[in-house]
2 protein chains.
Amino acid sequence: MKLTSKGRYAVMALVDLARFDNINPVSLRDISLRQGISLDYLEQIFSKLKKDQIVKSIRGTQGGYVLSKKPNEIKLTNIFHAVDEKVKTVQCKKESKKGCNGKATKCVTHNLWDELETHINTFFEKKSLEDLLKNNIEQRT
Amino acid sequence: MKLTSKGRYAVMALVDLARFDNINPVSLRDISLRQGISLDYLEQIFSKLKKDQIVKSIRGTQGGYVLSKKPNEIKLTNIFHAVDEKVKTVQCKKESKKGCNGKATKCVTHNLWDELETHINTFFEKKSLEDLLKNNIEQRT
DNA sequence: ACATACCTGACTAAATTGGTCAAGTATAGT
DNA sequence: ACTATACTTGACCAATTTAGTCAGGTATGT
């Protein structure tokens, strides 16, 4: 199962973006400075976010990024999916030839992992960027 | 967040154990053969399970492992905890000096990760070894 | 034209994972 | 007492993943 800093940074950056993009596009440099995330790394992350149309880019001077949708329309699922943070548990061995453990049947954990995945995804599908903004409204940067 | 093969193997092995320890202790060799898990790796895993008193060991010929408690008393939380499968998300940076992101305040994802952790733990606290046994009763090894 | 800021791909050090290997110790059965 | 079985411990390792860095681009507003 993967759920790492990349996803965390993506969320942090998007919350930052949501907070500041009311007037102008927000440059990654600003986000980098405010959130303490490496600019080069942010570029990688935003290229993925853009590919999934979570943000739009505006090039040139005074350029930057803006959200493609409203904060309440951007769910955490979308974000994690974009940056390849698959909430995906360890795979059973290739099922092509045999079952999970080399036997003909599914291993005992097979269904369990599926259930867990659903359980976690449910959580992420409910949470939107807006929810996070509300939670942190008092925490000024 | 970590949730890897070690946890999966631990669960598989314990289900196997629960199924066969009615009469005699079960040797790791048997579990290894039935579940297709390396014996050496199982030894590492069981040493941790023993330390958390999920299983008991019986040495010598005809020795092996038995469950310390009844299957319905062993929750998945206990198992994962024993093998260090912390359902713990990526830590924010050391909080000793500063906040998560080097600022004075918590980062916006801080609470989120906490919530997620609770959400997942809830799932694991409900599930016991017995539940898994029931689910897989038709799947003979 | 030039500064800004997006864009892309190659590269890498460190950590983690999923084991293996080697050398024990304890005990039941003969 | 001997021996086979099976637990016990700790060191080691290759492959993968992570969290970046680095080096070059390209587009655009002023």
Side-chain angles (χ1 to χ4, degrees), chain A residues 1-13 17 20-21 24-33 35-52 54-66 68 80 83-86 88-93 101, chain B residues 1-13 17 20-21 24-33 35-52 54-66 68 80 83-86 88-93 101:
Chain A
M1 169 181 252
K2 279 168 45 184
L3 195 51
T4 64
S5 287
K6 191 180 283 181
R8 195 165 67 87
Y9 286 166
V11 173
M12 286 169 69
L17 186 55
F20 289 96
D21 82 344
N24 296 316
V26 181
S27 73
L28 293 189
R29 206 172 66 85
D30 288 351
I31 296 176
S32 167
L33 290 172
Q35 300 299 325
I37 305 169
S38 141
L39 175 59
D40 287 313
Y41 203 28
L42 272 179
E43 282 174 346
Q44 286 180 42
I45 292 168
F46 271 76
S47 113
K48 295 186 177 191
L49 292 175
K50 190 191 171 189
K51 191 158 52 186
D52 272 27
I54 291 169
V55 296
K56 280 183 290 194
S57 68
I58 292 131
R59 293 187 135 203
T61 319
Q62 302 301 324
Y65 285 94
V66 286
S68 292
F80 287 131
V83 298
D84 297 322
E85 287 279 61
K86 295 180 182 68
K88 193 89 175 80
T89 48
V90 181
Q91 297 291 18
C92 298
K93 285 167 192 164
N101 44 0
Chain B
M1 171 179 255
K2 277 169 47 183
L3 194 50
T4 65
S5 288
K6 192 180 285 183
R8 195 164 67 87
Y9 287 166
V11 173
M12 286 169 67
L17 186 56
F20 289 97
D21 83 342
N24 297 315
V26 181
S27 74
L28 293 188
R29 206 171 67 86
D30 288 351
I31 296 177
S32 168
L33 291 172
Q35 300 296 328
I37 304 168
S38 140
L39 175 59
D40 287 313
Y41 203 28
L42 273 180
E43 282 172 346
Q44 285 180 43
I45 292 168
F46 271 75
S47 111
K48 294 186 176 191
L49 292 175
K50 189 191 171 189
K51 191 158 53 186
D52 272 28
I54 292 168
V55 296
K56 280 181 292 194
S57 67
I58 291 130
R59 292 186 139 203
T61 319
Q62 303 301 324
Y65 285 95
V66 287
S68 292
F80 287 130
V83 296
D84 295 322
E85 286 280 62
K86 295 182 180 66
K88 194 88 175 79
T89 49
V90 182
Q91 296 291 19
C92 298
K93 285 166 191 164
N101 45 2

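All values reported here derive from a predicted model rather than from experimental measurement. Per chain, numbering begins at 1; letters A, B, ... match sequence-line order.
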Provide, to the nearest angstrom, the distance between the [atom1] atom belonging to [X] and the [atom2] atom belonging to [N].
| X | N | atom1 | atom2 | result |
| --- | --- | --- | --- | --- |
| A:D21 | C:dC6 | CG | C1' | 17 Å |
| B:Y41 | D:dG10 | OH | C1' | 16 Å |
| B:I45 | D:dT8 | CD1 | P | 14 Å |
| A:K56 | C:dA5 | NZ | P | 19 Å |
| B:K48 | D:dT9 | NZ | C1' | 13 Å |

Determine whether A:V55 and A:L17 satisfy the following criterion, side chain to side chain contact (heavy atoms under 4.5 Å, CB included), listing intermediate values before the conclusion. CA-CA 9 Å; A:V55 296; A:L17 186 55; 3.7 Å; yes
Return the nearest nucleotide to the side chain of [X]; candidates are [options].
| X | options | answer |
| --- | --- | --- |
| B:L28 | C:dG19, D:dG29, D:dC7 | D:dC7 |
| A:T4 | D:dC22, C:dC6, D:dT18 | D:dT18 |
| B:Y65 | D:dT8, C:dG18, C:dA5 | D:dT8 |
| B:S38 | D:dA27, C:dG19, D:dT8 | C:dG19 |

Quick check: on DNA chain C, is the nucleotide nearest A:R29 upstream (toward 5') of the one nearest B:Q44, or the reverse? Name the residue that is more 5'. A:R29
Touch check for [X], heavy atoms < 4.0 angstrom, all strands: base, sugar-phosphate only, or nothing?
| X | result |
| --- | --- |
| A:S47 | nothing |
| B:V55 | nothing |
| A:F46 | nothing |

Could one point to a donor on the side chain of A:E43 or the base of D:dT21 with an acceptor on the other under 3.5 Å away? no
Output, in order, the C-alpha distance, side-chain angles, deciding distance and verdict of side chain to side chain donor-acceptor pair (under 3.5 Å) for B:K56 and B:S68. CA-CA 6 Å; B:K56 280 181 292 194; B:S68 292; 5.4 Å; no
What orientation do A:Y65 and A:F46 show, parallel under 30°, tilted 30 to 60°, or perpendicular over 60°? tilted
Under a 3.5 Å distance rule, please check whether A:S5 uses its side chain to pair with a backbone N or O of A:R8 as donor and acceptor. no
Contact summary for A:G7 and A:V83, nearest pair of heavy atoms: CA-CG2, 4.1 Å
By nearest-nucleotide position on DNA chain D, the 5'-leaning member of A:Q62 and B:K50 is B:K50
